[in-house]
Amino acid sequence: MTITAVDVLDIRFPTSRGLDGSDAMNPDPDYSAAYVVLHADDGQEGHGFTFTIGRGNDICCAAIETLSEYVIGTDVDGPAALADLYQRLTHDSQIRWLGPEKGVMHLAAAALVNAAWDLAARRAGLPLWKYLSTLTPEQIVACIDWRYLTDALTPEEALAILREAEPGKAQRVAEVERDGYPAYTTSPGWLGYDDEKVVRLAREAVAEGYTQIKLKVGADLDDDRRRFAAARTAVGPGIRIAIDANQRWDVDQAVEWTKALAEFDPWWIEEPTSPDDVLGHAAIRARLAPIKVATGEHVHNRVMFKQLLQAGSIDFLQMDAARVAGVNENLAILLLAKKFGVPVCPHAGGVGLCELVCHLSMFDYVSVSASMEDRVIEYVDHLHEHFTAPTVIKGGRYQAPTEPGFSAEMKRDSLIRFSYPHGPEWRSN
């Protein structure tokens, strides 16, 4: 199965008009996708994307175009071929200088890697989570770039983790297909929403079966205390409320601000400071316990996750399906999290991220961690109608995807309408 062509599209949704997605660091996001379609010589397609919030999406598209030369003419049939593609996209000696393994080039690699896995899963006739679950421990380990990881996790340790999870795998597959996977929702908590809307959406979330919601914080402490108090009163003491500062604070400020909200019982503080500050997160965690610390949506590669785990900096690891270089790198991160005993609660705030990350969490449960304890996937109720196999939530749980592939394909009409800058949605505004 050889790739014959790569299409790249700049797709943007004007979510800033309703302040959907707004937070203390990103007040006016336009959820966007640098979108990729791989065309294979057998007529099949693979779809993928990397997520941005508007300006700069064109730069990601340009980076994908640059990396496309490593994809055209290559075989992506099976895990060994996908491992080879990942290596070529991330290890070019000259392009690597732009990172290495971070920034726009890494985002571009994610779009292409994820599209290739989508194609492979489609060809196998399986949703990605189930396709990954059919691979042997040896095949999974061979998909991973082990450079820089072996001081924390060796391939032999990874094999042992995967082999330990083999018993009961069929039962866990059946459980996921029957019951889905726990979700929490950020939809009530965007910073641009007024108090009335926060309270209404928080109550609706609990009525729909969610046992955890999340509020954005960090712009104004008095506002945060008022909004948090209102949300806590609305949902009662038995619902977990996480808070998210989106990197707004320095270390001392993060501790002081979060302590000022402690009376409302925050479950975790997310992205309290720079995502690159491993030791800062460790200090915040030590000073705020028992309030927990979560981060990961802006952690740019497996090495940073390794350090966060080694330093004891986080209670929850929030991997992102398209921030690191796609499925291969996320397999490494799942195994690192298992080794260090840290639950994975993926980031999914953005267009299409809910559709992607549920595959990774479901594979994690079936084949790696074998646990759902304290594990939840973020859910935001935006833009799912643009996908051919949209996320389905029932009773506060992600339902297992059943369509072959990675659930990344957008509807053709949506691709045309929201293409930037010449699509009808943008020409009319």
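Throughout, residue positions are numbered sequentially from 1 according to the sequence presented.
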Going by atom types alone, do N57 and T52 pair a side-chain donor with an acceptor below 3.5 Å?
-> yes

Step by step, would you call M304 with H298 a side chain to side chain contact (heavy atoms under 4.5 Å, CB included)?
-> CA-CA 10 Å; M304 288 293 299; H298 281 85; over 6 Å; no

Does V251 reach the side chain of R287, with side-chain heavy atoms less than 4.5 Å apart?
-> yes

Do N114 side-chain atoms and A321 backbone N/O form a donor-acceptor pair below 3.5 Å?
-> yes

Could you tell me whether R12 sits above the aromatic face of Y420, with NZ or CZ closer than 6.0 angstrom to the six-membered ring centre and within 45 degrees of the axis?
-> yes

Side chains of S369 and D364: is there a donor and an acceptor less than 3.5 Å apart?
-> yes

Is a donor on one side and an acceptor on the other found under 3.5 Å between the side chain of R172 and the backbone of Y365?
-> yes

Given the rule in the side chain to side chain contact (heavy atoms under 4.5 Å, CB included) test, do E270 and E297 qualify, once you have shown the distances and angles that lead to the verdict?
-> CA-CA 10 Å; E270 181 175 332; E297 69 184 81; 3.2 Å; yes

E329 side chain vs G326 backbone, donor-acceptor pair below 3.5 Å = no

Within the distance-only criterion (no hydrogens, no angle test), does the side chain of T211 pair as donor or acceptor with the backbone N or O of I239 below 3.5 angstrom?
-> no

Distance-only side-chain donor-acceptor flag, S274 / Q247, under 3.5 Å | no

Y148 versus K306, side-chain donor and acceptor atoms under 3.5 Å = no

Hey, what do you get for NZ (K292) to CG (L288), rounding to the nearest 0.5 Å?
-> 11.5 Å

Carboxylate-amine/guanidinium contact R240 D265, below 4.0 Å | no

Going from CG on L317 to SG on C345, what distance comes out if it is rounded to the nearest 0.5 angstrom?
-> 9.0 Å

Quick one: does T134's side chain have a donor or acceptor within less than 3.5 Å of a partner on Y131's backbone?
-> yes

Which atom of F51 lies closest to which atom of A322, heavy atoms considered | N-CB, 4.3 Å

Side chain proximity check, W257 to P272, heavy atoms < 4.5 angstrom | no

Centroid separation H47 to Y35 less than 6.0 Å = yes

Take E45 and R122, measure what salt bridge (Lys or Arg N to Asp or Glu O under 4.0 Å) needs, and give me the verdict at the end.
-> CA-CA 8 Å; E45 296 177 351; R122 286 168 183 256; 5.9 Å; no

Taking every heavy atom of V278 against every heavy atom of A311, the minimum-distance pair comes out as CG1-CB, 3.7 Å

Taking all non-hydrogen atoms of both residues into account, name the closest pair between F305 and T295 and its distance.
-> CE2-O, 4.4 Å

Interatomic distance, L415 atom CG to L9 atom CG [nearest 0.5 angstrom] = 6.0 Å

Distance-only polar pair, side chains of H281 and S313, donor-acceptor under 3.5 Å = no

Hey, are the side chains of P188 and K214 touching, using non-hydrogen atoms and a 4.5 Å cut-off?
-> no

Just checking, is any N or O donor in the side chain of E101 or H300 under 3.5 Å from an acceptor N or O on the other one?
-> no

Any side-chain donor paired with an acceptor under 3.5 Å for Q310 and D151?
-> yes

Audit row: D30, S16, side chain to side chain donor-acceptor pair (under 3.5 Å) steps and yes/no = CA-CA 5 Å; D30 284 325; S16 62; 2.7 Å; yes

Could you tell me whether the side chain of H347 reaches within less than 4.5 Å of the side chain of L353, counting heavy atoms only?
-> yes

Looking at Y181 versus W129, is the centre-to-centre ring distance below 6.0 Å?
-> no

Atom CD1 of I72 and atom CG of L67: how far apart are they, to the nearest 0.5 Å?
-> 11.5 Å

If we ignore angles and hydrogens, is there a donor and acceptor under 3.5 Å between the side chains of N301 and H106?
-> no

Please test R203 against E208 for salt bridge (Lys or Arg N to Asp or Glu O under 4.0 Å), starting from the C-alpha separation and ending with a verdict.
-> CA-CA 9 Å; R203 286 175 175 159; E208 291 165 4; over 6 Å; no

Heavy-atom distance under 4.5 Å between the side chains of T154 and E157, does that happen here?
-> yes

Any chance the side chains of Y70 and D92 put a donor and an acceptor closer than 3.5 Å?
-> yes

Indicate whether the side chain of H359 and that of S407 have a donor and an acceptor atom separated by less than 3.5 Å.
-> yes

Answer yes if the ring centres of Y379 and H384 are under 6.0 angstrom apart, and no otherwise.
-> yes

Starting from the C-alpha separation in whole Å, work towards a yes-or-no answer on ring pair (Phe, Tyr, Trp, His ring centres under 6.0 Å) for F418 and F13.
-> CA-CA 6 Å; F418 292 96; F13 298 90; 4.5 Å; yes

Side chains of H386 and D413: is there a donor and an acceptor less than 3.5 Å apart?
-> no

So do the side chains of V37 and V6 get within less than 4.5 Å of each other, counting heavy atoms only?
-> no

Could you check if a side-chain atom of W190 sits within less than 4.5 angstrom of a side-chain atom of V198, using non-hydrogen atoms only?
-> no

Between R123 and D42, does at least one N-O distance fall below 4.0 Å, as a salt bridge requires?
-> yes

Say whether, by atom type as modelled, one donor and one acceptor occur between the side chain of R397 and the main chain of G209 under 3.5 angstrom.
-> no

Measure the shortest side-chain to side-chain distance between I284 and T273 over non-hydrogen atoms and say whether it is less than 4.5 angstrom.
-> yes

Between the side chains of T2 and D75, does any donor sit under 3.5 Å from an acceptor?
-> no

Side chain to side chain contact (heavy atoms under 4.5 Å, CB included) between R323 and L107, worked out | CA-CA 6 Å; R323 168 69 61 177; L107 293 173; 4.2 Å; yes

Heavy-atom closest contact (G349 atom, E378 atom, distance) = N-OE1, 3.2 Å

Identify whether the distance between the nearest side-chain nitrogen and carboxylate oxygen of K169 and E166 falls below 4.0 Å.
-> yes

Inspect the surroundings of CD in E385 and state if more than 12 heavy atoms from other residues, nucleotides or ligands are less than 6.0 Å away.
-> yes

Nearest-0.5 Å distance that lies between atom OG in S68 and atom CG in L89 | 9.0 Å

D118 side, atom CG; F406 side, atom CZ - distance, nearest 0.5 Å = 8.0 Å

I393 and A183: which non-hydrogen atoms are nearest, and at how many Å?
-> CD1-CB, 4.2 Å

Within the distance-only criterion (no hydrogens, no angle test), does the side chain of T74 pair as donor or acceptor with the backbone N or O of V71 below 3.5 angstrom?
-> yes

Side-chain ion pair, R285 and D315, N-O less than 4.0 Å | yes

When you look at W268 and V293, which way does the side chain to side chain contact (heavy atoms under 4.5 Å, CB included) test go after all the steps?
-> CA-CA 5 Å; W268 73 51; V293 172; over 6 Å; no

Do NZ/NE/NH1/NH2 and the carboxylate oxygens of R88 and E69 come within less than 4.0 Å?
-> no

Do E164 and K338 meet the salt-bridge criterion of a basic N to acidic O distance under 4.0 Å?
-> no

Nearest heavy-atom approach of D145 to Y86 is CB-CE2, 3.7 Å

